[in-house]
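Data block below; observations after.
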Amino acid sequence: MKAKLTVHREFSIGETDKRIYGSFIEHLGRAVYTGIYEPGHPSADSEGFRNDAADLVKELDVPIVRYPGGNFVSGYNWEDGIGPVENRPMRLDLAWGTKESNRVGINEFAKWAKKVNTDVMMAVNLGTRGAESARNIVEYCNFKGGSYWSDLRRSHGVSDPYNYKLWCLGNEMDGPWQICHRTADEYGRVAAEAAKVMKWTDPSIELVACGSSNARMPSFGTWESTMLDHVYDLVDYVSLHIYFANREEDTPNFLGRSLEMDRFIKTVAGICDLVQAKKNSKKTVNLSFDEWNVWYHSNDADRQIEKWTEAPALLEDIYNMEDALVAGCMLITLLKNADRVKVACLAQLVNVIAPIMTVKGGKAWRQTIFYPFMDASRYGRGTVLRCPVTVEKYDSKEYSDVPYLETVAVHNAEKKEISIFAVNRNLNEAINLEAEIAGFGDLRLAEHRLLCHKDLKAVNSAQEEKVKPVVQQGGSIEGSDGSKLLQASLPPASWNVIRLQY
Ligand code: AHR
């Protein structure tokens, strides 16, 4: 199969915000306990954080991590996690039916974030709590000193404020599964009041309002427009969440799901713009896609977990090759929408639907989805280029006109590099790619990184890394300085990063 692509320096969609390579750690399952934190583990540092897991997080170069939930945050008392550890309460977490020891809280998590060179995107509880606890946590984290909560932080050994910039106003408040779920009007009101006092406490913060939990919620659309009527002037982003599954074992359909993600983004952006128009406002509200991934492999196992245990193995999806392709298509979709999506979080980071797994007392290892994320995070920063593509399309059970080639290019002017990200959705045929590349002068093919496996169900484990990137040989680039022709072969069912330098 053939595909033709045009990459032109001037066809810009927008600059990437580095925060689109964010991720998420929730107090859920083994994400924190025996994931990032395991005192007594052979690789643990003096604070109890696992160096092996931290090293893999650093490999992904994650600029921001959302914390502490998720569904968990809607029942969380953040004050439980500060002060002397021996005084911290053991709580029932109603979101996941587990026990939370609070051994890790705001200050421990901040130390871990520093260790892995990441920023924190904090979420506040707008389920069981409201404006007061939300403004107090902003004061605890961001106020310099000389007030009750900031002095309490200082008494906990943290003299400088964290100055966390990005805050989520609750989590998935449209979902009946949420602790103290609310209607759109109820949420809009509480979020508006919380936003107001949070920003009064620290005017420099940015706020994310909860959009729909997914695009298939019955209230999708009305939820966004109703709650935005209340909060538009006070917030900076609306959140989007999506998880994909292949329960019916229909891979062509599964690979088409990123089209739904694209439609979701465009619809929510449109609703933000509608509210902007209704308010005759100059302000644009952008998007925070703060939960995205594949999630379904662990659903049956989770139903067997005994309730009220501490840090059980919940949501431990083991990802295969086709999941990595879907993750790749989702990353490309985020890039293609770089003009509106300013924050995105791969949900989650360690053990819980995660690219990184740890064995309690044992190894940390990389799942299949680790690699497309690492590639995009490393090579996908700069100006995203709109790349017209000519390729055959297919229809699947739920999607029409799915292009066999999903692709986008990113130009990093500082590094003098262009990266073409491409997923070949064709399960049987290679794609012979011809890309006309204009506006960069002389170019050389630096590397073609490839992730594929003949068995789409192949998985990695602590023992064996079956799915890992290799360097694909055989591509070429030639032509005059003004316009170059790149030729490359993209194997069936593959994730590719073609890196060009000038
Ligand atoms: O990431 C797992 C869960 O998925 C989160 O807690 C929740 O926000 C979403 O439903």
Side-chain angles (χ1 to χ4, degrees), residues 22-33 35-36 62 64-76 78 92-98 100 109 121-128 166-182 187 191 208-220 223 227 237-245 261 264 268 287-299 301-303 305 311-319 323 326-327 330 343-357 367 369 373:
S23 189
F24 178 26
I25 290 277
E26 177 166 3
H27 279 255
L28 194 188
R30 299 193 309 115
V32 175
Y33 308 110
I36 62 169
V62 180
I64 193 159
V65 177
R66 186 168 173 249
Y67 176 84
N71 295 340
F72 171 80
V73 81
S74 299
Y76 184 49
W78 63 269
L92 297 185
D93 166 27
L94 302 186
W96 298 104
T98 56
E100 170 56 51
F109 192 73
M121 173 185 193
M122 195 63 88
V124 301
N125 175 355
L126 294 188
T128 56
L166 194 57
W167 295 74
C168 302
L169 293 163
N171 175 72
E172 294 190 350
M173 296 305 303
D174 62 322
W177 58 85
Q178 203 66 212
I179 302 171
C180 298
H181 146 69
R182 297 177 193 269
Y187 172 70
V208 184
C210 288
S212 295
S213 303
N214 62 73
R216 295 185 185 192
M217 293 296 288
S219 55
F220 174 49
W223 170 274
M227 69 88 187
Y237 308 94
V238 169
S239 74
L240 298 86
H241 292 177
I242 217 166
Y243 293 101
F244 290 138
M261 183 187 198
F264 187 19
V268 178
L287 309 183
S288 169
F289 214 124
D290 47 45
E291 289 187 32
W292 67 268
N293 203 348
V294 171
W295 174 13
Y296 73 108
H297 298 286
S298 59
N299 294 167
D302 286 351
R303 284 187 268 276
I305 301 271
L314 276 170
L315 278 66
E316 299 208 359
D317 274 43
I318 300 300
Y319 292 113
D323 298 327
V326 170
M330 294 175 92
V343 182
C345 303
L346 171 63
Q348 298 190 8
L349 187 54
V350 180
N351 288 333
V352 171
I353 43 174
I356 298 167
M357 299 299 288
Q367 295 240 44
I369 62 166
F373 187 89

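As the structure lists them, so they are numbered: ligands from 1, and atoms in each ligand from 1. No experiment lies behind these values; they were computed from the predicted model shown.
Side chains of N351 and E316: a donor-acceptor N/O pair is absent below 3.5 angstrom, by distance only. In this structure, a donor-acceptor pair under 3.5 Å is present between the side chains of D174 and S213. Side chain to side chain, Y67 and H27 meet the donor-acceptor criterion of an N or O pair below 3.5 Å.
Closest heavy-atom approach to atom 1 (O) of ligand 1 among the candidates Y243, W295, W177, W96: Y243.
Taking a cut-off of under 4.0 Å to the non-hydrogen atoms of G70, the atoms of ligand 1 that pass are 5 (C), 6 (O), 8 (O). The contact set between ligand 1 and N171, taken as ligand atoms under 4.0 Å from a residue heavy atom, comprises 7 (C), 8 (O).
At a heavy-atom distance under 4.0 Å, no atom of V352 approaches ligand 1.
In terms of protein heavy-atom proximity, atom 7 (C) of ligand 1 is nearest to N71 OD1, 3.2 Å. Atom 10 (O) of ligand 1 has its closest protein heavy atom at E172 OE1, 2.7 Å. Nearest protein heavy-atom neighbour of atom 2 (C) of ligand 1: Q348 NE2, 3.5 Å. In this structure, atom 4 (O) of ligand 1 lies nearest to the protein heavy atom E291 OE1, 3.1 Å. Here the protein heavy atom with the shortest distance to atom 6 (O) of ligand 1 is E26 OE1, 2.6 Å.
Note on ring orientation: taking the six-membered ring where Trp is involved, the planes of W223 and Y187 are parallel (angle under 30°, cut-offs 30° and 60°). Y243 and W295 have perpendicular rings, their planes meeting at more than 60° on a 0 to 90° scale where under 30° would count as parallel.
Residues D323 and F244 fail the side-chain proximity criterion, which asks for heavy atoms closer than 4.5 Å.
The closest donor-acceptor contact from the side chain of N214 to the backbone of R216 lies under 3.5 Å.
Heavy-atom distances between I353 and ligand 1 reach below 4.0 Å in at least one pair.
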